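Structure first, then comments.
As the structure is a prediction and not an experimental result, all values here were calculated from the model. The first residue in the sequence is number 1, and the count goes up from there.
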Amino acid sequence: MQMNNALAHRGPDDEGVFIQDNLALGHRRLSIIDLSPSGHQPMSYAEGRYTIVYNGELYNYAEIREELLQLPVPCTFKTQTDTEVILAAFSVWGNDCLKKMNGMFAFAIFDQQLKRLFMARDRMGIKPLYYYKKDNLFVFSSELRALLKSGLVPRSLDPNNLVDYLRYQTVHAPGTIIKDVFMLMPGHWATIDLSSSELSIKAYWDLKPGIMQDSESPTYVEACEHVNTLFTKAVKRRLVADVPFGAFLSGGIDSSAVVGKMSQLSSVPIKTFSISFYEKEYTEEQYSRQIAKKFNTEHQDIKLSANDFKNEIPSALKAMDHPSGDGPNTYVVSKFTKQAGITMALSGLGGDELFAGYAVFKRCKSLLENYWLRNTPLGIRKFGGSVLKNIRPSVATDKIAEVLNLSQLSVENFYPISRQVLFDDQISQLLNFAKLPPNEVQKIAHEISSKMDSDNSVLSLVSALEISTYMQNVLLGDTDQMSMASALEVRVPFLDYELVEYILSLKDELKYPITPKKLFVDAMGDLLPREIVNRPKMGFSFPWQRWLKTDLKQFCEERIHSLAKRNIFNESGLVNLWKRFLANDKSITWSRIWYLVVLENWLIENNIES
């Protein structure tokens, strides 16, 4: 019950517990489909043989349900839930049922006959599944904090994964910040035998970009038509709900396209939500209002001052399940959307990763095409990088110097640097480590690039890297924990796996962003106004640098000094980093401080030993 209570914010509508022999399953329900008591979990099927606890949504459950009804021996159903469809599908197809599923999910099914627990996570890693195993003990949950609340999991910091966090403001799955606690990887299933405690984990789907051959490759017009079809289908699938729903609308290309498609597919006006600010330099209000007017949405503009937003930061940090350098923005928009009576919202997350919306896509292309730089001797490049750092210290020159130090200028070597917050020489000054562990993003980058011809599919390679690292481990993690803190479910049509597979199979020339996300924009036809397509990219660019030195200074300073006192940290190195920031050292930006503050705040909140 302690674990269930720890998840109350995720599921305020119902709760349940199933206990048999040496197994206990708990569930907190956020009702989205079939709001009746028949959707109660844990749910059993086949005269009690199978029992499930399930987090998420199965978008194509109606099609799978129909297929199960058409079998020679039809399945029977007592509810209209997608939960029961998963149980029935598993009873018929076993592990292979996952290949038929399109959705975001993490679930566990207990097979009473075989005394075995089967667990699975969706292909894109939208819904989390954490677990801890030691000897005959196995504990799992949708949140790390629920594992800690069990009293069965030691509250110990993982030193190697701490380094991953310091490099990338997150810990990459399957690791977590807690020692011996892991995440089930996206697109994987696991079984644990209750009699032997043997744990087996296997992949059922992998992000393997396979570029189409010339004979298969579509024309640009054909690609646009298919992208439109797949995107429309993805949005339509995510409109199935028995509760009030809406969409986040920033007025950018991605959220505007989602709202536009929702409006085309819905018989009633779409409810849209955006946050705007009194300070003109931070607000995108004019763009979101333009889209709301074009598609006749029921728009709610949540007006805040930058100070209002800043005052939400402590609550956002308290809601954080796993430390991360990002997240308060999602917390704020989710909180106010939920207060407006919405239980499910669609988001434009994933558009940049799929359609080359970030600067890193062009930079990787330029790197491979820059033959004179690639042919420059390493010694000369290193010298140039060192001079640049001394002449013009900044985060940008730090990254340039790291790139120039590479023995081989390739995408798989360049990409990990592009997302890194602190570099190893800087991290070594903060920790009492003799040697730092291998770089996790470098390992991921080399693994993915080995599966494809990176010279001829640079954009797909970068998309795969973005999805497997920053998106899954920062953006999706933050979206889940910050939205579910307000019991709001967020759905992401850009991450429909069929759309992802198709975009990653296309050649670079079809996707190259001559203008912002050109293929996607062209695929949408006249759905998006030119003013939205050509507008400058913004995002939440609040005055963090000033806040950390003024309003949030005491909050930050207390946590920096507290973190510095931990045995694993080098006290003088960490305090010196803070002093350099306060002294306006241009190479120490707020982001290089804030995620350290977040880390210590989380360690204190969760009573973690280090």
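Ring pair W547/W544 is perpendicular by interplanar angle, where above 60° counts as perpendicular and below 30° as parallel.
In the displayed structure, K549 atom NZ is contacted under 6.0 Å by more than 12 heavy atoms of other residues, nucleotides or ligands. Other residues, nucleotides and ligands contribute more than 12 heavy atoms inside 6.0 Å of the NZ atom of K294. Residue-environment remark: NZ (K303) exceeds the threshold of 12 foreign heavy atoms within 6.0 Å.
Side chain of Y512 to main chain of T515: no donor-acceptor pair is present (N/O by atom type, distance under 3.5 Å, no hydrogens or angles). A distance-only check finds a donor-acceptor pair linking the side chain of R491 to the backbone of R238 [under 3.5 Å]. Using modelled atom types, no side-chain atom of D164 and backbone atom of V171 make a donor-acceptor pair closer than 3.5 Å. Side-chain atoms of N55 never come within 3.5 Å of backbone atoms of F105 as a donor-acceptor pair (strictly under, hydrogens ignored). In this structure a side-chain-to-backbone donor-acceptor pair under 3.5 Å is present from R123 to M101. At least one donor-acceptor pair closer than 3.5 Å links the side chain of H322 to the backbone N or O of I177. S305 contributes no side-chain N or O that, together with a main-chain N or O of Y278, makes up a donor-acceptor pair within less than 3.5 Å. A donor-acceptor pair under 3.5 Å links the side-chain atoms of N228 to the main chain of A523, judged by distance alone. No donor-acceptor distance shorter than 3.5 angstrom exists from the side chain of D242 to the backbone of L35, with no hydrogens or angles considered. At distances below 3.5 Å, at least one donor-acceptor pair connects side-chain atoms of N473 with backbone N or O atoms of A173.
In the model, D522 has a side-chain atom that pairs as donor or acceptor with a side-chain atom of Y220 under 3.5 Å. Side chains of D326 and S324: no donor on one and acceptor on the other come within 3.5 Å. For the residue pair E501 / W205, a side-chain donor-acceptor distance below 3.5 Å is found, with atom types taken as modelled. For the 3.5 Å distance criterion, the side chains of H9 and S486 fail to qualify, holding no donor opposite an acceptor. Counted by atom type alone, D478 and Q481 present one or more donor-acceptor pairs between their side chains at under 3.5 Å. A donor atom on one side chain and an acceptor atom on the other are not found under 3.5 Å apart for S587 and S394. D301 and S274 share a donor-acceptor pair across their side chains, judged by distance under 3.5 Å alone.
Residues L304 and F336 form a side-chain contact, since some pair of their non-hydrogen atoms from C-beta on lies under 4.5 Å apart. Residues K236 and M262 fail the side-chain proximity criterion, which asks for heavy atoms closer than 4.5 Å. Residues R592 and D398 are in side-chain contact: their nearest non-hydrogen atoms beyond the backbone lie under 4.5 Å apart. Using a 4.5 Å heavy-atom cutoff, the side chains of P186 and M124 are not in contact.
Here the CG atom belonging to L249 is positioned 11.0 Å from the OG atom belonging to S347, to the nearest 0.5 angstrom. Rounding to the nearest 0.5 angstrom, the gap separating the CG atom in N102 from the OH atom in Y59 is 8.0 Å. If you take NZ on K127 and CD on E489, they are separated by 5.5 Å, rounding to the nearest 0.5 Å. In this structure, the separation between OG1 on T272 and NE2 on H299 is 5.0 Å, given to the nearest 0.5 Å. To the nearest 0.5 Å, the span separating CD1 on I448 from OH on Y415 amounts to 9.0 Å. Summarising the geometry, atom OH belonging to Y168 is positioned 11.0 Å from atom CG belonging to L422; distances are rounded to the nearest 0.5 Å.
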For this session: Could you please spell out the steps behind the salt bridge (Lys or Arg N to Asp or Glu O under 4.0 Å) verdict for K451 and D206?
Result: CA-CA 11 Å; K451 300 173 184 175; D206 193 12; 2.8 Å; yes

For this session: Test E466 against R419 for salt bridge (Lys or Arg N to Asp or Glu O under 4.0 Å), laying out the working first.
Result: CA-CA 9 Å; E466 281 286 297; R419 282 292 179 194; 2.8 Å; yes

Problem set entry | CA sep, side-chain torsions, deciding dist, call: M482, M320, side chain to side chain contact (heavy atoms under 4.5 Å, CB included) | CA-CA 7 Å; M482 292 305 187; M320 192 170 284; 3.6 Å; yes

For this session: Verify side chain to side chain contact (heavy atoms under 4.5 Å, CB included) between V521 and R530, making sure each step is shown before the conclusion.
Result: CA-CA 10 Å; V521 169; R530 291 298 102 184; 3.8 Å; yes

Problem set entry | Verdict with reasoning, S460 to K511, per side chain to side chain donor-acceptor pair (under 3.5 Å) | CA-CA 9 Å; S460 288; K511 295 184 290 184; 2.6 Å; yes

Exercise. Step by step, would you call Y130 with D321 a side chain to side chain contact (heavy atoms under 4.5 Å, CB included)?
Worked result: CA-CA 11 Å; Y130 296 94; D321 181 53; 3.7 Å; yes

Exercise. Stepwise, does the side chain to side chain donor-acceptor pair (under 3.5 Å) test hold for E353 with Y358?
Worked result: CA-CA 7 Å; E353 289 78 7; Y358 294 133; 2.8 Å; yes

Problem set entry | Chi angles and distances behind the salt bridge (Lys or Arg N to Asp or Glu O under 4.0 Å) call for K517, D254 | CA-CA 10 Å; K517 287 174 272 200; D254 303 330; 2.9 Å; yes

Exercise. Taking it one step at a time, do Y595 and Y165 satisfy ring-ring contact (aromatic ring centres under 6.0 Å, His included)?
Worked result: CA-CA 9 Å; Y595 80 137; Y165 180 85; 5.4 Å; yes

Problem set entry | side chain to side chain contact (heavy atoms under 4.5 Å, CB included) between V462 and V458, worked out | CA-CA 6 Å; V462 178; V458 177; 4.2 Å; yes

For this session: Go through the steps for N370 and K365 under the test side chain to side chain donor-acceptor pair (under 3.5 Å), then give the verdict.
Result: CA-CA 9 Å; N370 202 327; K365 266 288 203 185; over 6 Å; no

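For the pair R559 and F555, the cation sits on the ring face: its NZ or CZ lies under 6.0 Å from the ring centre, inside 45° of the axis. Taking the centre and axis of the six-membered ring of F245, the NZ or CZ atom of K271 falls outside the cone set by 45° and 6.0 Å.
Ring-centre distance between F520 and F231: below the 6.0 Å cut-off.
When D496, N60, T232 are each tested for a side-chain hydrogen bond (donor to acceptor under 3.5 Å, both in side chains) with R237, only one passes: D496.
Every residue two or more places apart in sequence or in another chain that forms a side-chain hydrogen bond (donor to acceptor under 3.5 Å, both in side chains) with R10 is listed here: E143, D480.
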